Amino acid sequence: MNEKYPFETIEPKWQKYWTDQGVFKVDTSIHEKKYYCLTMFPYPSGTMHVGHGRNYIIGDAVTRYKMARGFRVLSPMGWDAFGLPAENAAKQRGVHPKEWTYSNIKQMKRQLQSWGIAYDWDRELATCHPDYYKWTQWVFLQLHKRGLAFQKNAPVNWCDYCTTLANEEVNSDGTCERCGRKVVKKDLTQWFFKITEYAGKLLDDLDLLDKWPEKVRAMQGNWIGRSTGARIEFSIAETDDPCPVFTTRPDTIYGVTFMALAPEHPLVESLLKNNPLAAGIKAFVEREKMVSAAERTDEATRKEGVFTGFHVRNPYNGELAPLWITNYVLMEYGTGAVMAVPAHDQRDFEFAKTYGLPIKVVIQNPDNPLAAEVMKEAYVEDGTMVGSGPFDGRNNREAMTDIIQHAKDGGFGEFTTHYRIRDWLISRQRYWGSPIPIIHCPVCGAVPVPEKDLPVLLPDDVDFKSERGNPLSFHEGFINTTCPTCGKPARRETDTLAQWICSCWYYLRYVNPRDNTVAYNKADVDYWLPVDQYIGGIEHAVLHLLYSRFILKVLHDAGTCSFREPFNALFTQGMICKRSEKDGQLYKMSKSKGNVVSPDELIREYGADTVRLYTLFIGPPEKDAEWNDAAVEGSCRFLRRIWRRVYETRDLLLAARGLTPDLAKMATPERNLYRKLHESIAKITHDLEGAFQFNTAIAQIMELTNALELLKVEANSSDPCKAVYRETIESLVILISPFAPHIAEELWGELGHPPSILTAPWPKVNEKALARDEVEIVIQLNGKIKGREVIPTRLTPAAVEAHVMAQDSVKALLNGLTLRKVVVIPGKLVNIVATP
RNA sequence: GCCCGGGUGGCGAAAUGGCAGACGCAACGGACUUAAAAUCCGUUACCCGCAAGGGUGUGAGGGUUCGAGUCCCUCCCCGGGCACCA
């Protein structure tokens, strides 16, 4: 054994051993304790920094801990390999996206291995491989079959650089989530998935995800955005055309003083005919259609509109209200028409004030009666209904159901629910993605490629030099085909699938990754899934995680699996930031900020175990953390201490093999260490179950190490002392193995065990070891600490009280005071309550 | 505006309603050394005091309790999500 901690030799040695012995290969057959631990697979962008590493290190600690607990753990890794950067590299540097991607995969795989992460590499997959995307295309066909994949001509989010974007990829300020450029609306025919059909299920089932962070559930809830209310059938008085509205406030129906239409509303066209106001209306509508979505939906944008000359009839009271077209009504939500109630809606109020439209109070404030003429803003609180026909005098909240029922009975309305979520735009005008398995036939229309013809291969020989757009659309060999239905010449769809589609089902594929006859085997996924623990970044809260839930629900409804949610428990780790040397500000690690820490260099200098230990010790794993170069040294120092301790006492430890700690024979020092050991096992086990508190688990190992150094053990020490010492070191090595596995393996060998420590069971708590004869309690007077006292633990609370009250120091404290009460908390404290 | 998190030493942070600051980083003092590195020992919330000791202290203010960083109410600040969504 080397005196110096030789991480540089032991780490490659054990990594080779793990690989050669295949210790992380998983037999996926039925086993009594299975555990599927999944870390979000990365986009192969190049090399990783220590911030990326946190994700994998956490997953590895969980995997190794569960293995020690006797679980058969499935821990796979792969590559989310389709995407834009590869194509940009092709354009800028002339490297083929495939070549660029696979070379990055090689780099990153080497890095993961140098961290010693436990993966079953036999299950490695890359979404850009035909054996994988064949099944991504199959997933598309399942949705298509169920009418959930459709094309429509629609204004889409367009970024000049990234082409089309899903709503989820557009920042709230109207910039592209990926590149930060301005997103504009563009009218294009695109493919969508009908995620709106699953809005209710996706929202309701969030309640099942009690092992997900509240934050992620809240974010998905916000994104889906359910509103319940009523659909009310207004009609245009002059033409009798129906003009339904959606409202969450049917209680204000008698306060409607105008109707507001979106500029894109289909009725607008018909309103222009023979209309003397047509020119003005047209100008307004045309202008609004040019305005970007971000600008349109900015609250600061002035509310503007134009009167149509028409009126709508309110079905509740037959009253007529003027029909306007306005910029603040969105076509995508509800019916694109809003019943405007200026008295009780702030937006309608502002509009009414601008255009001098009437304001009619129908919900009276019981505390401070409203008068329409002097109102400064809309009254949106609850109150008593007035001017509302049969509902006068009722509380508006309580009357709500009756109001809608009234419309239902009268045949002019119904209860409805609306969602904010929009259908999911999945097509991209890009090369480096999975082709959409559709053939456009001039006779048969859009025909799905038969499953037996999958995959639709992405051709390698494309021209990236072409000016703009999708190189696939210039590739004649790819485009020209025949219709699977009628056999006539037809053209392939040249759009590719957004990378999100590839990553929203990959967790299913890991169970049978090499089976080329099915996407996944039902019996196997039913056994291994849902994923027991999913680990990844918060940035996927409403993208990947929502898409995955949606796709899985569809696959469930298609009968291909029996579970309804893909991920049982979710853990979102915080980002690692570092202060910039330029401006002293804290930033997420990135090349552009120049605050990237390379794991490769650190591993060379300190070893992978140090980097792992520091990464886990840096703070609570769910919170962002600041990387501190100097503190890394501390983790290395700690590992060196453990190493040295074993080195210095190695002969003694080997000689103590076979000795068993016997509580009855222990002297105080070893008894104390033995207790500390078992306290530590309890604490660390607690910290690794449920919430992942690696930082406090590691702190506890440090405390145990500190306690260990207090025990003087020599060749002539007693057997009980040697036995405790050996058991402590052995347990310590197992306890640290999920965090620093290489040194743990090496020390395990030095203790005389055959490899591998992965077969060693997690230590068990000996309850008897936790017992104490004496305990120090605190003596408080009115909650303030006044002293301490060591007392036997066998005393009853009454005896403790008697003992404490008999002390001279306590009597002195009570001098001049009247005793009111004594509170005894066994093993903790005695609080004496007294007043003057 | 609505929703979800946070606010504790010089720094990262700990604390089932029961000793605030465990564990670590940094700093300072000392030992070892010709010296340095490494290692080891000690000090380190703040205020008053030579000391013994006393007082204050977990964003602010109230409350519940024998006892509050922790529970309740009101508010301030920071981060994140949603938002002209009818």
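Chain letters run A, B, ... following the sequence lines, proteins first and then strands; every chain starts at 1. If you're wondering where the values come from, they're calculated on a predicted model, not measured in any experiment.
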Any protein N or O atoms within reach of nucleotides 80-83 of chain B? Criterion: under 3.5 Å, listing atom names and distances.
residue	atom	partner	partner atom	Å
B/G81	N2	A/N222	ND2	3.1
B/G81	N3	A/N222	ND2	3.4
B/C82	O2'	A/R420	NH2	3.4
B/A83	N3	A/E299	OE1	3.4

For [Y], is there any backbone N or O sitting under 3.5 Å from a side-chain donor or acceptor partner on [X]?
X	Y	answer
A/Y316	A/I403	yes
A/R645	A/L708	yes
A/N831	A/V823	no
A/N314	A/I253	yes
A/D609	A/F739	no
A/R549	A/L202	yes
A/Q346	A/A378	yes
A/D624	A/I576	no

Go through the structure and list residues passing salt bridge (Lys or Arg N to Asp or Glu O under 4.0 Å) with A/E350, not counting sequence neighbours. A/K303
For [X], give me all partners under side chain to side chain donor-acceptor pair (under 3.5 Å), at least two apart in sequence or on another chain.
X	answer
A/T685	A/W762
A/N628	none
A/K215	none

Contact class for [X] (heavy atom, under 4.0 Å): base, sugar-phosphate, or nothing?
X	result
A/T301	base
A/R579	nothing
A/V833	sugar-phosphate
A/R640	sugar-phosphate
A/R641	sugar-phosphate
A/V341	nothing

Where along residues 248-261 of chain A does a heavy atom fall under 4.0 Å from RNA chain B? A/T248
Any chance the side chains of A/D629 and A/Y614 put a donor and an acceptor closer than 3.5 Å? no
Do the side-chain N and O atoms of A/Y333 and A/S227 include a donor-acceptor pair separated by under 3.5 angstrom? yes
Between [atom2] on [N] and [atom1] on [X], what's the gap in Å once rounded to a whole number?
X	N	atom1	atom2	answer
A/I224	B/C85	CD1	P	19 Å
A/K786	B/G67	NZ	C1'	14 Å
A/R347	B/G1	CZ	P	16 Å
A/Y587	B/G79	OH	P	13 Å
A/F694	B/A22	CZ	P	23 Å
A/L813	B/G53	CG	P	14 Å
A/L206	B/C4	CG	P	14 Å

Under-3.5 Å donor-acceptor pair between [X] side chain and [N] base:
X	N	result
A/R644	B/C40	no
A/R217	B/C4	no
A/K821	B/C66	no

Same-atom distance ([atom1]) from [N] to [M], integer angstrom:
N	M	atom1	result
B/U8	B/A60	C1'	15 Å
B/C75	B/G81	C1'	23 Å
B/U70	B/U65	P	16 Å

A/H803 atom NE2, neighbour heavy-atom count above 12 within 6.0 Å: yes
Show me the protein contacts with nucleotides 11-17 of chain B, counting only N or O atoms at under 3.5 Å.
residue	atom	partner	partner atom	Å
B/G12	O2'	A/I618	O	2.6
B/A14	OP1	A/N695	ND2	3.0
B/U16	O4	A/K828	NZ	3.4

So which protein nitrogen or oxygen atoms get under 3.5 Å of nucleotides 56-58 of chain B's nitrogens or oxygens?
none

If the threshold is 4.0 Å, N to carboxylate O, is there a salt bridge linking [X] and [Y]?
X	Y	answer
A/E679	A/R772	yes
A/E633	A/R640	yes
A/K289	A/E264	no

By the salt bridge (Lys or Arg N to Asp or Glu O under 4.0 Å) test, which pairs, at least two apart or in different chains, include something from residues 680-708 of chain A? A/K66-A/E689, A/R69-A/E689, A/K676-A/E703, A/K683-A/D687
Taking only side-chain nitrogens and oxygens of A/N706, does any of them come within less than 4.0 Å of OP1 or OP2 of B/G24? yes
Please pick, from B/A20, B/G67, B/C23, the nucleotide with the shortest atom-to-atom distance to any side-chain atom of A/N831. B/G67
Syn within 90° of 0, anti beyond: B/G61 is anti
Might you list the N or O atoms of the protein lying below 3.5 Å from N or O atoms in nucleotides 26-32 of chain B, with each pair's distance?
residue	atom	partner	partner atom	Å
B/A26	OP2	A/R637	NH2	3.4

Dot-bracket for RNA chain B, please, read 5' to 3', with Watson-Crick or G-U wobble pairs under 3.5 Å on both distances, ( ) within the strand, [ ] crossing, | other strand, . unpaired. (((((((..(((.....[....))).(((((.......))))).((((....))))..(((((..]....))))))))))))....
Judged by each residue's nearest nucleotide on RNA chain B, which is more toward the 5′ side, A/Y419 or A/N782? A/N782
Whichever of A/R302 and A/V216 has its nearest RNA chain B nucleotide further upstream toward 5': A/V216
Ring pair (Phe, Tyr, Trp, His ring centres under 6.0 Å), that's the test. Do A/Y355 and A/F258 meet it? Break it down for me. CA-CA 11 Å; A/Y355 291 97; A/F258 65 100; 8.8 Å; no
Sorted by chain and number, sequence neighbours left out, ring pair (Phe, Tyr, Trp, His ring centres under 6.0 Å) with A/Y198 holds for A/F550
